Amino acid sequence: MKRYTVTAALPYANGPLHIGHLAGAYLSSDIYVRYLRLMGRDVAYICGSDEHGAAITIRAKKEGTTPQEIVDKYNAQIKDTFEKLGVSFDIYHRTSAPIHHETSQEFFRILLKNGEFEKKTTEQYYDASANQFLADRYIKGTCPKCSHDAAYGDQCENCGSALSPTELINPVSSITGEKPVLRETSHWYLSLDKHADWLAEWIDTGKLNGEQHHDPKEWKNHVLGQCRSWVGDLQPRAMTRDLNWGIDVPPEVEGSEGKKLYVWLDAPIGYISATKQWAADKGKDWRPYWQDKDTKLLHFIGKDNIVFHCIIFPAILKATGDYILPENVPANQFMNLEGDKISTSRNWAVWAHEYVEDCAESVENHIDVLRYVLIKNMPEQKDSEFTWGNFQELNNTDLVGKYANFINRVLVLTNKYYDGAVPEFDASISVAGSQEEGTTSTYAAELKILHEKLVELTNFIEAYEFRAALKALIEISTLGNQFLQFNAPWKQIKTDENAVKVVMNLALQIVAVLSVASQPFLPFTSKKIRELLNLNDLQNGDLQNILATLEKGEALLSAGYTINKPTHLYTRIPDEVIEAQIDKLKNSRPQSIEYAPVKDETTFDDFTKIDLRTGTITAAEKVPKAKKLLKLTVDLGFESRTVVSGIAEFYEAENVLGQQVVLVANLAPRKLRGVMSEGMILMAENEKGELVFVSPAEGFGNGFVVK
RNA sequence: GGCGAGGUAGCUCAGCUGGUUAGAGCGUCGGAUUCAUAAUCCGGAGGUCGAGAGUUCAAGUCUCUCUCUCGCUACCA
C-alpha cells in the first residue's frame with residue numbers, strides 16, 4: 001500500500017462534543033493514523049464540520065440568530081476541543097467552504113451526465129410568504145373523506161386515512177397560516193437499486209469488478225450485518241431537497257432554482273473537498289488519495305452512520321467513476337455513561353470541552369487519562385460503559401501503578417546508581433528472565449521478547465483492535481515491572497554490580513520503547529517520556545526504525561547517554577475528584593427542558609365540543625405485532641368502549657385493570673393495527689416521553705363529564 | 001412485530017474456521033518485597049458460558065425455539 005486516506009465522521013456543527021463521540025470515531029482514527037505516521041506511511045487524516053441541514057436552521061431560529069453564526073460558533077469550539085485532545089487531523093475543514101460547494105456540485109454534474117439520476121416531478125404545496133416548499137406535515141386542511149378540518153398533509157387524524165397534500169380541501173400552511181399554492185417541484189433520485197448487485201457482492205465477498213478489493217472477514221460483524229440487511233432492498237433515493245440552507249444544485253441545471261443537495265451528497269463529499277484543501281495547502285496533488293488503487297481508504301464512524309458509509313457513499317463514488325471505495329469501515333457502537341444512555345437533551349453526558357477545563361487542575365495529565373479510559377472502554381464490538389469510578393480505578397492502577405511507576409522506578413534507579421547515565425554492561429552476564437520467576441535469561445533474549453511484544457501491539461492496531469493494543473502497551477510495562485522484580489537490582493547492587501548494569505540498561509530500553517509505543521494512545525505522555533529520556537520529539541517513521549533496531553538486536557539508548565531526573569507522569573486521583581464529577585453529572589438538569597409551546601388560542605365553544613368522561617379499564621391485552629399498543633376495554637357506566645392506546649412501554653396489561661381514566665368519548669373511531677379504537681385515553685407526557693394516566697379521584701364513578 | 005448486534009467469573013471484557021481441566025484485567029483473600037506515587041511481584045478462591053431442545057465421538061463455538069439489552073424500522077389519537 002502506497003498511501004492511506006483516513007476519515008473520521010464529520011461532527012454536526014450544532015452542539016459540542018461528548019465522550020461518546022470521542023470513543024466512537026475520533027480516538028480510534030487518531031490511534032490508527034498516529035501509528036501509520038510512526039510507521040512512515042503516507043497518510044491524509046481528514047475531518048471537518050458538517051454545517052448544513054434543517055436542524056441548524058431550526059436551532060438558529062430558536063436562538064434568534066443566523067445559521068451562519070451557529071455553525072461558526074460550533075465549528076470553532078469543536079475544532080478547539082479536538083486540538084486540545086490531541087486528535088491529530090491533517091485538516092479540520094468545514095462544509096460551508098467554497099471549495100466544498102464546488103466539489104459537491106461537480107459530483108452532481110458528473111452523476112447527472114452519467115445518467116445516474118432519475119428526475120421525478122411532483123406537485124407540492126409552496127408557501128409564498130415563507131418562500132419555501134412545505135413538507136407534508138406542515139400542511140393542514142379539511143379531510144376529503146370525513147370532513148375533519150385539521151387533517152395533516154399526509155394523514156387525517158380523525159379518520160386515519162392516508163392522504164396526500166393535494167387531496168386536502170382548503171389547505172393552510174402551518175408555518176404562516178396562509179394558503180399555499182401548488183407548484184411543481186422536481187427532484188433528482190439516485191437509482192440505488194441499479195447498484196444493488198455489485199454492492200451485495202462487494203459487501204459479501206469483498207470483490208469489486210471481479211477483483212479482490214478487501215477481505216470481508218476483516219470487517220466487524222455488526223457492520224456486515226447492518227450492510228446485508230440494507231443491501232437487499234435498495235430504493236431510489238432523492239439527492240436534492242427544497243431547502244434554504246445548503247449547497248445549491250448547479251445553477252446551469254434546468255430546474256435547479258431553490259434546490260439544495262441532500263446531506264448525503266454533501267457531507268461525505270466533505271472528506272474529498274477537505275483533502276483538496278489540505279493538498280493545496282501542502283502543495284500536493286489530492287487525486288491519488290481518492291483515486292489511486294494503491295490507496296487504502298478507511299472511514300471511522302459510529303454505528304449510526306454505517307449504512308451511508310457502506311452503501312450510499314460507495315454507490316455515489318462508483319457511479320461518479322474514478323474513485324476508490326473504502327477498504328474498511330471500522331464503526332464503533334455506542335458508549336453509555338453511568339448506567340444510562342448518553343443524552344444531549346437530558347444533559348446526561350461528559351462534555352469534552354468541559355472536561356478539558358474542569359480536570360486540568362485536579363487530574364495530572366488529564367487529556368491522556370481520558371484518552372486511556374475511553375480507549376480501554378471503546379465500544380468496538382458492542383455498547384460499552386463509562387463510569388467515573390472506573391476512570392479513577394484505571395488511572396490509579398494501570399497508569400499510576402503499572403505504567404508510570406515502572407518508568408519512575410527505572411529513572412530513579414538510573415539516577416541513583418549511575419548519575420543518570422545509561423550504564424555500559426557485559427552482554428555475557430546472565431540475568432533473571434522477565435517471563436517467569438526463577439528463570440535465567442540474557443540481554444539479547446530479553447531484547448527479543450521486547451521486540452515481540454511491540455510487534456504484537458502493532459498487529460492489534462492493524463486489525464483495528466485498539467483495546468487489545470492498549471492492553472499490550474500496559475503489558476510492556478508489566479514486563480518491565482516483572483523484570484525489575486525478579487532481578488531486584490536494589491538488592492543485587494550490594495553483591496553484583498555488573499549484573500545490575502545489564503538489568504538497568506535493559507530496563508531503560510523498555511522505557512525507550514514505551515516512549516514510542518505510547519504515542520498513538522497517549523501522545524502527551526509520550527512527549528514527556530521523551531523529555532525525561534532526553535530524546536528528541538518523535539518523527540514519522542520512528543516506530544518502524546525502532547522495530548528494525550530491536551530486530552537486529554541493537555539497543556535504542558546507547559551506553560553513556562545521559563537522561564533527566566524523573567517526574568511523576570500521572571498521580572493518584574483521590575475520591576473527592578470523582579465524587580465532584582458524579583455530583584456534577586447527577587445535578588445537571590437539562591439546560592432547558594423543551595416544554596411544548598402553548599398552542600394557538602382556541603375558544604370555549606371549541607373546547608366544549610370535546611366530550612371527556614370518567615371511566616375504568618375493565619380489560620386489557622397487548623395488540624399483537626405492535627410494541628407500544630394496548631387494547632383496552634373502558635367502562636363508561638352507560639356503555640363499554642374498546643380503546644387502543646400507545647402505553648404498552650409504560651404499563652403492563654395486567655396492571656391497568658381497574659385503572660380510572662379520562663376518556664375522549666366523542667372522538668371519531670379509528671383503526672389501529674387492525675383494531676377499531678373508540679376513543680382516546682388522556683395521558684400526561686414528560687420531557688423524556690414517559691406517560692402517566694390522568695385520573696379522577698379513586699372511586700369517583702364512571703361516565704361522568706369532565707370539564 | 002420486522003431486521004441487525006449483543007447476553008461468558010462480583011465488575012469490564014477476550015475467546016478465529018466446534019476438540020485436552022473456559023481466559024485476561026480490576027476487585028477479593030493469602031504470601032513475598034521495599035527501588036518506586038501504600039506503587040510492585042507471586043499464589044488461591046470465584047463461571048452448569050441468558051433458558052431449553054437438537055446435530056456431533058466432541059458445542060461458549062453449528063441449528064431451532066424462547067427470553068432480556070442496544071440500534072434501525074413499523075406502531076403511540
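Naming: A, B, ... by sequence-line order, numbering from 1 per chain. Because the structure is a prediction, the values reported are computed rather than measured.
Note on A:Lys341 versus A:Asp383: no salt bridge recorded, every NZ/NE/NH1/NH2 to OD/OE distance being 4.0 Å or above. Salt bridge annotation for A:Arg641-A:Asp635: absent, with no cationic side-chain nitrogen under 4.0 angstrom from a carboxylate oxygen.
Pair assignment for B:A59 gives none, since no Watson-Crick or G-U wobble pairing has each distance under 3.5 Å. If you check B:A77 for Watson-Crick or wobble pairing at under 3.5 angstrom, you find it has no partner at all. Nucleotide B:U48 is matched to nothing when pairs are restricted to Watson-Crick or G-U wobble geometry with both distances under 3.5 angstrom. When Watson-Crick and G-U wobble pairs are counted only if both distances are under 3.5 Å, B:G30 pairs with B:C42. Across all strands shown, B:G25 pairs with B:C11; the Watson-Crick or G-U wobble distances both stay below 3.5 Å. Nucleotide B:G6 forms a pair with B:C68, judged by Watson-Crick or G-U wobble geometry with both contacts under 3.5 Å. Under the Watson-Crick or G-U wobble criterion, with both distances below 3.5 Å, B:U17 has no partner in any strand shown.
At distances below 3.5 Å, at least one donor-acceptor pair connects side-chain atoms of A:Ser677 with backbone N or O atoms of A:Val644.
Between the P atom of B:C75 and the NZ atom of A:Lys628 lies a distance of 10 Å, rounded to the nearest Å. Rounded to an integer number of Å, the gap from CD of A:Gln482 to P of B:G43 is 9 Å. For A:Glu649 and B:G1, the CD to P distance is 12 Å, given to the nearest whole Å. If you measure from atom CE of A:Met335 to atom P of B:A5, you get 22 Å, rounded to the nearest angstrom. A:Ile306 places its CD1 atom 13 Å from the P atom of B:U73, with the value rounded to the nearest Å. For A:Leu224 and B:C3, the CG to P distance is 18 Å, given to the nearest whole Å. Atom CD1 in A:Ile474 sits about 12 Å away from atom P in B:U40, given to the nearest Å. For A:Arg228 and B:C72, the CZ to C1' distance is 18 Å, given to the nearest whole Å.
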When you check every protein heavy atom under 4.0 Å of nucleotides 66-71 of chain B, what one-letter string (B, S, -) results, 5' to 3'? ----SS
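Spacing between B:C26 and B:U21 at atom P, rounded to whole Å, works out to 27 Å. To the nearest whole angstrom, the two P atoms, one in B:C3 and one in B:C41, are 49 Å apart. With P as the reference atom, B:U65 and B:C29 are 47 Å apart, rounded to whole Å. B:U33 and B:A39: their C1' atoms are spaced 12 Å apart (whole Å). Atom name P, nucleotides B:U61 and B:G7: the rounded distance is 11 Å, in whole Å. Rounded to the nearest Å, the gap between the P atom of B:G25 and that of B:U40 is 13 Å. B:U63 and B:G71 have their P atoms separated by 26 Å, given to the nearest Å. Remark: the separation of the C1' atoms in B:C42 and B:U34 is 15 Å, to the nearest Å.
Contact annotation for A:Ser645: backbone-only contact, meaning every heavy-atom pair under 4.0 Å involves sugar-phosphate atoms and none involves a base. A:Leu672 comes within 4.0 angstrom of the backbone, heavy atoms only, and of no base. Within the 4.0 angstrom heavy-atom criterion, only backbone atoms of the sugar-phosphate kind lie near A:Gly679; the bases stay farther away.
Annotation: cation-pi geometry not satisfied between A:Lys220 and A:Tyr464 (NZ/CZ under 6.0 angstrom from ring centroid, within 45° of ring axis).
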Quick test: give all pairs of protein nitrogen or oxygen and nucleotides 33-37 of chain B nitrogen or oxygen below 3.5 Å, distance rounded to 0.1 Å.
from, atom 1, to, atom 2, distance (Å)
B:C35, O2, A:Arg409, NE, 3.1
B:C35, N3, A:Arg409, NE, 3.2
B:C35, N3, A:Arg409, NH2, 2.5
B:C35, N4, A:Arg409, NH2, 2.8
B:A36, O3', A:Asn408, ND2, 3.3
B:A36, O2', A:Asn405, OD1, 2.8
B:A36, O2', A:Asn408, ND2, 3.0
B:A36, N3, A:Asn405, ND2, 3.4
B:A36, N3, A:Arg409, NE, 3.2
B:U37, N3, A:Tyr570, O, 2.5
B:U37, O4, A:Leu569, N, 3.3
B:U37, O4, A:Tyr570, O, 3.0

Nucleotide N/O of nucleotides 24-30 of chain B paired with protein N/O under 3.5 Å:
from, atom 1, to, atom 2, distance (Å)
B:A24, O2', A:Lys471, NZ, 3.0
B:G25, O3', A:Lys402, NZ, 3.1
B:C26, OP1, A:Lys402, NZ, 3.2
B:C26, O2', A:Glu393, OE1, 3.1
B:C26, O2', A:Glu393, OE2, 2.5

Dump every N/O contact between nucleotides 14-18 of chain B and the protein below 3.5 Å, one line per pair.
none

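For the pair A:Glu380 and A:Glu465, the tightest heavy-atom approach, listed with the atom from each and the gap, is OE2-C, 3.6 Å.
Listed by chain and residue number, A:Arg613 satisfy the side chain to side chain donor-acceptor pair (under 3.5 Å) test with A:Asp611 (two or more places apart in sequence, or in another chain). Partners of A:Asn408 by side chain to side chain donor-acceptor pair (under 3.5 Å), not counting sequence neighbours: none found. Applying the ring pair (Phe, Tyr, Trp, His ring centres under 6.0 Å) rule to A:Phe313 yields the partners A:His299; only residues at least two apart in sequence or on another chain are considered. For A:Trp348, the ring pair (Phe, Tyr, Trp, His ring centres under 6.0 Å) criterion is met by no residue, not counting sequence neighbours. Partners of A:Lys609 by side chain to side chain donor-acceptor pair (under 3.5 Å), not counting sequence neighbours, listed by chain and number: A:Asp606. For the ring pair (Phe, Tyr, Trp, His ring centres under 6.0 Å) test, residues two or more places apart in sequence or in another chain that qualify with A:Phe386 are A:Trp388. The ring pair (Phe, Tyr, Trp, His ring centres under 6.0 Å) search around A:Phe308 returns A:Trp264, not counting sequence neighbours.
For residues 465-487 of chain A, the set of pairs meeting the ring-ring contact (aromatic ring centres under 6.0 Å, His included) definition, not counting sequence neighbours, is empty.
In the model, A:Ser384 has no side-chain atom that pairs as donor or acceptor with a side-chain atom of A:Gln333 under 3.5 Å.
The side chain of A:Thr478 contributes no N or O atom lying less than 4.0 Å from OP1 or OP2 of B:U40. A sub-4.0 Å separation between OP1 or OP2 of B:A77 and a side-chain N or O of A:Arg641 is absent.
Ring pair A:Trp202/A:His214 is perpendicular by interplanar angle, where above 60° counts as perpendicular and below 30° as parallel.
Environment of CD in A:Glu497: sparse, with no more than 12 heavy atoms of neighbouring residues, nucleotides or ligands closer than 6.0 Å.
Closest to the side chain of A:Asn221, from the set B:A74, B:A77, B:A5, is B:A5.
Map A:Val644 and A:Gly401 each onto its nearest nucleotide of RNA chain B; the residue landing nearer the 5' end is A:Gly401.
Considering CZ of A:Phe391 and CG of A:Leu374, their distance stands at 8.5 Å, rounded to 0.5 Å.
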